[in-house]
Each structure stands twice: as structure tokens, then as C-alpha cells.
Amino acid sequence: MEFLTTPTTDLTYADVFLVPSKSEVTSRMDVDISADDATGATIPLVAANMTAVTGRRMVETMARRGGLGILPQDVPLEVIEQVAQWVKRRDPVFETPLKVQPTDTVLDVLHLLGKRNHPAASVVSEDGAFAGIVRLQDCEGVDRFSSVASVLRQPSLTFQAERFPSLQEAFVQMDSAGVPYAPVLSGTALVGALTPAGALRSGMFAPALDGAGRLRLGAAVGINGDVAGRAAALVDYGVDVLVVDTAHGHQQKMLDALAAVKALDLPVPVVAGNVVSGAGVRELVAAGADIVKVGVGPGAMCTTRMMTAVGRPQFSAVLDCAAAARDLGKHIWADGGVRYPRDVALALAAGASQVMIGSWFAGTVESPGDLVVDADGRQYKESFGMASSRAVQNRTRSEDAYSRARKAMFEEGISTSRMYLDPERPSVEDLLDMITAGVRSSMTYAGATDLEQFRQRAVVGVQSAAGYEEGRPVRQSW
């Protein structure tokens, strides 16, 4: 990457822009956006290890579309074992259907429909046989305690897994029939679901799969307690990427934790962070990190910079840390501060192999929180920072009351914030569509066919606040 003019100060994403270069790339689909850091991701996007962002639905969906989801460090090991086994059993193409039984109620269906970006739930009998579907419109004007059996209907289109047509043909059949949802069966057993958008995406995105053809997932560990024991257990459960995580990664406890994990010689990439300097990258790599997580204070839920003045503008942090990692044959993830597809493209141009996204993904149907409707009828989920008092209380629930109260005083994050779902993009898949389209276009403007070429060919300029505002649409739909 090169600058039009040499900057005299540290910069964040809004301070810079990409200059178009001569390009021989004729199509956005000719661009390879696979991460080049040995994590197996086919798109350079990671769902952050935040409790309000990443659970099993987020992990599954991210992996099916080529990305990674990192389960938070405060999730109990037995829960991660269950989640990992569940994710590994998911189909790489067919989506996981919402399921109810005939004896369930309409209220059960209404509670479930907000869990996935599906317009219907599938009804399965007690013996496991597919019985029909229930759509949202089937529940309108019906007593909430009516049985599912009284409102279910037969779908106008189903697919048999053993005789499944091509994705293109499946899309054409659904589009021609005007069908927004089709169960996928094996005999009479329900094995998946398909939507027109899902069929289209599965033809465009390559899933992130392990050596056995199963969806990939990551999980985080902290730097306290039996770090090595937890890391070994996570890998035994099937975790494919391990993240050793703390707000201040450039400290001795992190280096000791990394050394303990690396001594296990685990067969997975080890990510560590967070840091914002080349010196921090070099020390974490020396201690055993394969990938370093970069970013202190840019997150939407983070108050670190206002509380402590500690951090660094994210674009400059990524640029400096990526150069240090590249000299050592390693990689970085840019963690936080992205609010638009342009920010993701800039992070990749500055040298990141992947970009970690938190709060932006919290306001989607796949995030773990409950879907709430405000007084104006807008849907939202609650999000909170991982250094907030709420998150600290969750992590320290096994400690005595006095210790928990002391740690809760050191808050560097927002404990609650409403993350509204975009009615036009309620799913994380909708956001992945938008972000990857922006990244692909950015790369074609630079004349790059993969991320390495993008880093080499990107030309960046520094702009004023007025220059940034000039590039914003008058009416935004972000």
C-alpha cells in the first residue's frame, strides 16, 4: 500500500480513501477474497467473540458463508462442547430449519420465527417425520394458544436431499413457483431448509470447512486460570481456531498464556490480542501467536479511550501492525471500528488478513439476544461491551461477592445498547452480501484479484472531514 502524500498524524478509517488505479479485472466475481492466514475462511470476515454477538446460530451462518465466528471466553466449556458438536453436524449448503411439533402452540411459532431469517417453521411429528409448515401469515388472527396442528399447511415445493438439483435449478424452481421457503427431506425426515436467497448465496459463497468437510468455528480463552487446559479442551471439542484474548494484549500475562498454549503444539491457528503497535505484534509472535488481533478502543461498545486515553486510531494501528507481522511471516486481524463496507476494504488494504466485526452484527436475527420490539414497532437486540460491568459480572460469577464488586468498578464498556435490526437487512447474511460486494468492488478499482495484490496495489489518500462527508449519500440506508 502507498500514500498519495505522507501523513503526519495517525489516522482512522474516516480519514482516508482509496484511489482507483488502472485495472484489468473485468468482473467482481473474478476476485478471490479468501483469507490467506491458514484459518480456512473463504471471506475475510470474523464475528467477534462478544456474548451479544456470537452464539451457535452466528457461528453456523458465518461458516456456511465462508467466514468465522468466535465463541466468547465466558461460555462454559460444557456449553462450547455442545455448540461445537451441533455446528459440526450442520449441513454446509442446506440451512437449519426452525422446527415445531403439532402439539406446540402458535405462540411457540411466533417466538421461534425471529431466530432465523426464514419466513416459516417446519412441523415435525414425534416420530421425526415431516408434517408441514407454518408461516407467519398462518398465525395472524389466530388465538396464540391454538395448536400448530390447527394452522399447519403443506408446502407447495419440497426438495429431496438425495435427488437435489443444482443450486441454480433449485433457485429457478423456487422463483418460478413464488416459493420463499422449501423444506429439504430425506425420505420423510426433515434434513434442512432452502430459501431463494440461500440457494443464490450457496452458489456464490464457499463455506469454511475443516478437513472432514464440516463447518469451522473458533473459540476464545482468557489469560487467567488454566489457559492451557481450556485451550486443549476446546481443540478436543472440534474448535478450529483458538483466540487468546484480553483487552491489553501487550502484557506479561498474555505472553505467559501464549507460551503455555503454544507448548501444547495444537493443530490449529492461535490468534492473540489485542495490540496496536509493531512492538506488541513482535512480542506476541515470539511467544507463539500465528495471528495477532489489532485494535484498542475503536469498538462501538468500548469506552477505553474516553476512560483511559489508551488506544490508537485504527487505520494506522492496522498498517503498523500488519507491516510488523508481514516481516515475521505472520498475519493480523483488524478488530473493531468498522461501520461501513468501505472500512472493511480499508482494513484489508492496510494489511489485515481478516476483519473482526462486533456491534454491527449484534443487530441481526442470528445474534444470541432476544428480539425485542420498542414502542414504535422497531425490532432490536441488546448489546454490551466485553469490558463493561455487565460482561465482567458474567465472567466473574464464580468468584465471591467482594471480588466481583471490586472488578465491576473498572468498567471500560457500555453495559447496554439497543442494536436495531435493519428491516431491509435483518440477517447477518444480508450484511455479508453487502460487505463482500463492497470489498470485491474496491479490489477491482485497485486492479487486484486477491488480498495480497490488494495490499500491494492499494493507493490511499488522506482527506478532511468535509471530504468524508462529500462521499456520504444524502439519504443513507446503512
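Since the model is a prediction, treat every value here as computed from it, not as a measurement.
If you check the side chains of Gln354 and Asp37, you find a donor sitting under 3.5 Å from an acceptor. For the residue pair Arg57 / Ser367, no side-chain donor-acceptor distance below 3.5 Å is found, with atom types taken as modelled. Residues Glu78 and Gln82 have side chains that never bring a donor and an acceptor to within less than 3.5 angstrom of each other. No hydrogens or angles considered: nothing links the side chains of Arg28 and Thr444 as a donor-acceptor pair under 3.5 Å.
Considering every non-hydrogen atom in both Ala228 and Leu264, the closest pair reads O-CD1, 3.4 Å. Nearest heavy-atom pair across Leu113 and Pro119 is CD2-C, 4.5 Å.
The shortest side-chain heavy-atom distance between Asn117 and Pro426 falls under the 4.5 Å cut-off. In this structure the side chain of Met62 reaches within 4.5 angstrom of the side chain of Val428, judged on heavy atoms. Between Leu209 and Leu215 there is a side-chain heavy-atom pair separated by less than 4.5 Å. Annotation: side chain of Ile70 is not in contact with side chain of Thr54 (no heavy-atom distance under 4.5 Å). Within the 4.5 Å cutoff, side-chain heavy atoms of Val106 are placed close to those of Ser146. Counting only heavy atoms from C-beta outward, the side chains of Val439 and Ile43 never approach each other to under 4.5 Å. Side-chain contact between Val372 and Glu382: absent, with no pair of heavy atoms (C-beta onward) separated by less than 4.5 Å. Counting heavy atoms from C-beta outward, Arg56 and Thr96 have side chains that stay 4.5 Å or more apart.
Ile33 CD1 to Thr42 OG1: the interatomic distance, rounded to the nearest 0.5 Å, is 7.5 Å. The distance from the CZ atom of Arg163 to the OG atom of Ser186 is 9.5 Å, given to the nearest 0.5 Å. The distance from atom CZ of Arg342 to atom OG of Ser441, rounded to the nearest 0.5 Å, is 14.5 Å. Note that the CD1 atom of Ile291 and the CG atom of Leu284 stand 12.5 Å from one another [nearest 0.5 Å]. The line from CD1 of Ile435 to CH2 of Trp360 is 3.5 Å long, rounded to the nearest 0.5 Å.
Between the side chain of Lys381 and the backbone N or O of Thr364 there is at least one donor-acceptor pair closer than 3.5 Å. Proximity of a side-chain donor or acceptor of Asn274 to a complementary backbone N or O of Val296 within less than 3.5 Å is not detected. Between the side chain of Gln314 and the backbone N or O of Val294, at least one donor-acceptor pair lies under 3.5 Å. Checking side-chain atoms of Asp32 against main-chain N and O of Ser34 turns up a donor-acceptor pair under 3.5 Å. Checked by atom type and distance alone, the side chain of Thr105 pairs as donor or acceptor with a backbone atom of Asp108 at under 3.5 Å. Looking at Arg230, its side chain does come within 3.5 Å of a backbone N or O of Gln73 through a donor-acceptor pair. Checked by atom type and distance alone, the side chain of Arg90 pairs as donor or acceptor with a backbone atom of Trp86 at under 3.5 Å. For His331 (side chain) and Asp36 (main-chain N/O), a donor-acceptor pair under 3.5 Å exists by modelled atom type.
Taking a 6.0 Å sphere around CG of Asp374, one finds it holds more than 12 heavy atoms contributed by other residues, nucleotides or ligands. The neighbour count for Gln160 CD, taken as heavy atoms of other residues, nucleotides or ligands under 6.0 Å away, is above 12. Atom CZ of Phe159 has more than 12 heavy atoms from other residues, nucleotides or ligands within 6.0 Å.
Under a 4.0 Å N-O distance rule, the pair Lys88/Asp240 qualifies as a salt bridge. For Arg201 and Glu429, the salt-bridge test passes: some basic side-chain N is under 4.0 Å from an acidic carboxylate O. Ion pairing between a basic and an acidic side chain is recognised when a charged N comes within 4.0 Å of a carboxylate O; Arg339 and Asp343 show no such pairing. Residues Glu60 and Arg64 are paired through a salt bridge, judged by an N-O separation under 4.0 Å between the basic side chain and the carboxylate. With respect to the salt-bridge test (charged N to carboxylate O, under 4.0 angstrom), the residues Lys99 and Asp104 do not qualify.
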Check your understanding: Where do Glu452 and Arg455 land on the salt bridge (charged side-chain N to carboxylate O under 4.0 Å, His left out) test, with the steps shown first?
Key -> CA-CA 5 Å; Glu452 181 57 32; Arg455 299 176 196 124; 2.8 Å; yes
